[in-house]
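Data first, discussion second: the structure below is written as structure tokens.
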Amino acid sequence: MAGSKMDIRTNVQSKGWSRGKIAFAIFLGVLVVFAPVLLQGFQTMSFFVRVLGIIGIYVLLALGLNIVVGYAGLLDLGYVAFYAMGAYAAVILGEKFVTAVQMISNVGLRDFLVSSQFIVMLPVAAIIAALTGLALGTPVLRLRGDYLAIVTLGFGEIIRILATNDFLGLTKGAYGMMAPVAQPLGLSQLQLLPVAIPAIGFNFIFSVNLYWYYIVVLLIVLAVFVVRRLDNSRLGRAWVAMREDEVAASSVGVNIMTSKLWAFALGALWGGLAGVVFANAQGFVSPESFTFMESVFIVTMVVLGGMGSIPGVIVGAALIAGIPEMIRGVAQSPLLAGVIDPTLASAISGYRYLVFGLLMVIMMAVRPQGMIPSTRRAQELHPEDEKVLEEEDQSLWDLKHGADRSEHDL
Amino acid sequence: MALVEATNTTMQFGGLKAVNDVSMHIDEGEIVALIGPNGAGKTTFFNMLTGIYKPTSGKLTFAGGSVSGKKPNEICRMGIARTFQNIRLFSNMTTLENVMVGRHTRSKAGPLQAVLRTRGFKREEAATVAEALKRLQFVGLADKANELAKNLPYGAQRRLEIARALATEPKLLLLDEPAAGMNPQESADLTRLIGRIRASGVTVLLIEHDMKVVMDIADRIYVLDFGELIAEGKPEEIQKDPKVIVAYLGMGAEAMLAQA
């Protein structure tokens, strides 16, 4: 084999990018950047921008949880806790930051710092969430499977209940808290650039919703970038090995505890970031936003989309977060005002979870590997690939027809 | 100097002493076989030596350091690698990836370097691939680098497990029934492979039922029965040892042999 070119792939998932794939990526990029501009421009459609922002936050959460569930294979039913940590950190520490900055006498600098407080809060909240992940992980990661799931579920509830009970006087309990600053960095400048084409009813103003949408998109791009690189590294391989066989992995030198802790911390980090964006985009944080159902939804996004698959998880999150919001949005939008009765509209939004549950059951029965499965995960869940089936058919045929097997046996 | 030194090691599960007061030593460069009927405690001994179990009592040292109470990954780092009786590969990883995981203790790039794709990371990653390929070539699987481990034939899976263990750069390799389920041709190949492993400077301790393999290759043999060490010696001594014959063939065998 010396001299001959051998195609060595270091990862089962990494294959070259075909031209079609690149074209599709560019198309997708353009769509993600410009579609919201169009939606924003038309009054009747502008609510979709808000919906897209919400979807984006869930995509970010799902990408984070995917590290824990998809890569490391740990079922975390309390992921929302990290989201809550991020959101509350953004509000509580953001407020402190703004107060501290008020001391600065230079008006220009002061205003700049005040409006950019959320940018400062992003890394702060990410670190807090990651440390919380470590703090939770250290005692509980000795548990496996169902037991771990139950403990993480409990943790998620603890965080929510602490927030509800105004823990240490920090969270203002069930009343919730306002985000420190309404106008984020650069928004007022962006709003000076209105584009209007009255002839077709296009009237674009750079809205707050659009602003946060773009922030989320940037964070998602960052997350995809980071997660892909992690997957294709020493740590990523350790995660797969550990998921497949813990005993074998540790006997070839993988430190199970450290690898799991990394997964927990690196997963939690994105929850924290999503929390900051959520708190600032919403302008308000309260414990209601961090119920157990939220955790379940995020897990569902990962599972339905395809554990361990980045495109899968994104699509899963977009659908699960998007469909109910779309239904609600459309039902209440000015587009349909007068077309459907408002009570019917709210009834439709009420039934959305019924449809959703049904979809889930069907999905798990027919396609347990998810909508866009990762190559590897698909193999794990569907071991009976065609080759094996073929061999089995052949052996059955042999058996039935008493083929020359008997000769071998002699 | 003894590489492995077991002094009165006992492993007790409830009322059962799976390994009872066993003392043995393995010198550097040796090939030592551990034999005995099923349930004699051979695999239990392996599990103690690799940190899966902690010995109930006794001393177990490797290269001068105590092994007991250490975690499997720490012991791997000390220089002991193993294969398993029931092949335990990462079945949905490729052949190459399996061996790359074996390089875990010999590389150190953390998540931050992985994300930033630093020069050090790239260099280490390239070295990991190169080292893994070297091990695959050693066991004759280089042309199967991109195949999923589970799609390999049985014999190749056994060899892959050996390659993965060798990738950790062990001083001592533990092989748990490497010839199980192999035909005579395959076990002859395996015997040669084990010889080459020793030649590369790795000490080997193997559990094996295939007596041809054991007698061909082992320098010394330890025989366990019901958790106790009943014999120790060179292959030709063990073959004649009456206690070993009784353990394998049952009471009366000795008498029958005496009559014959």
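Every chain is numbered from 1 and lettered A, B, ... according to where its sequence line falls, protein lines coming before strand lines. These numbers come from the heavy atoms of this one structure, side chains and all, not from hydrogens, waters or symmetry mates.
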Within residues 73-88 of chain B, contacts to chain A at heavy-atom distances under 4.5 Å involve B:Asn73, B:Cys76, B:Arg82, B:Phe84, B:Arg88
Within-4.5 Å side-chain heavy-atom neighbours: B:Asn92 and A:Glu244: yes
In short, A:Asn232 meets B:Glu125 closest at the heavy-atom pair O-OE2, 3.9 Å
Highest number of heavy-atom pairs under 4.5 Å with chain A among B:Gly51, B:Ala109, B:Ser107, B:Gly102 belongs to B:Ser107
(message) Taking OH in B:Tyr154 as the centre, count heavy atoms belonging to other residues, nucleotides or ligands within less than 6.0 Å. Is the count above 12?
(response) yes
Correct closest heavy-atom pair for A:Ala238 and B:His104 would be CB-CE1, 3.5 Å
In terms of heavy-atom pairs under 4.5 Å with chain A, the winner among B:Arg164, B:Arg106, B:Lys71 is B:Arg164
Most contact-rich option vs chain A, by heavy-atom pairs under 4.5 angstrom, among B:Ala165, B:Pro170, B:Ala167, B:Ser91, is B:Ser91
- Close side-chain approach of A:Ser251 and B:Thr50, heavy atoms under 4.5 Å: no
Note: vs chain A, highest number of non-hydrogen pairs under 4.5 angstrom among B:Glu124, B:Gln113, B:Glu161, B:Lys108 is B:Lys108
B:Phe90 and A:Ala248 have their tightest heavy-atom pair at CE2-CB, 3.9 Å
Rounded to the nearest 0.5 angstrom, the CZ-CG distance for A:Arg229 and B:Leu112 is 11.5 Å
Tightest non-hydrogen contact, residues A:Arg237 and B:Thr128, listed as NH2-CG2, 4.1 Å
Per-residue tally against chain B (heavy atom, under 4.5 Å) across A:Leu235, A:Val227, A:Leu230 peaks at A:Leu230
### Task
Decide if atom CZ of B:Arg196 counts as having more than 12 heavy atoms of other residues, nucleotides or ligands within a radius under 6.0 Å.
yes
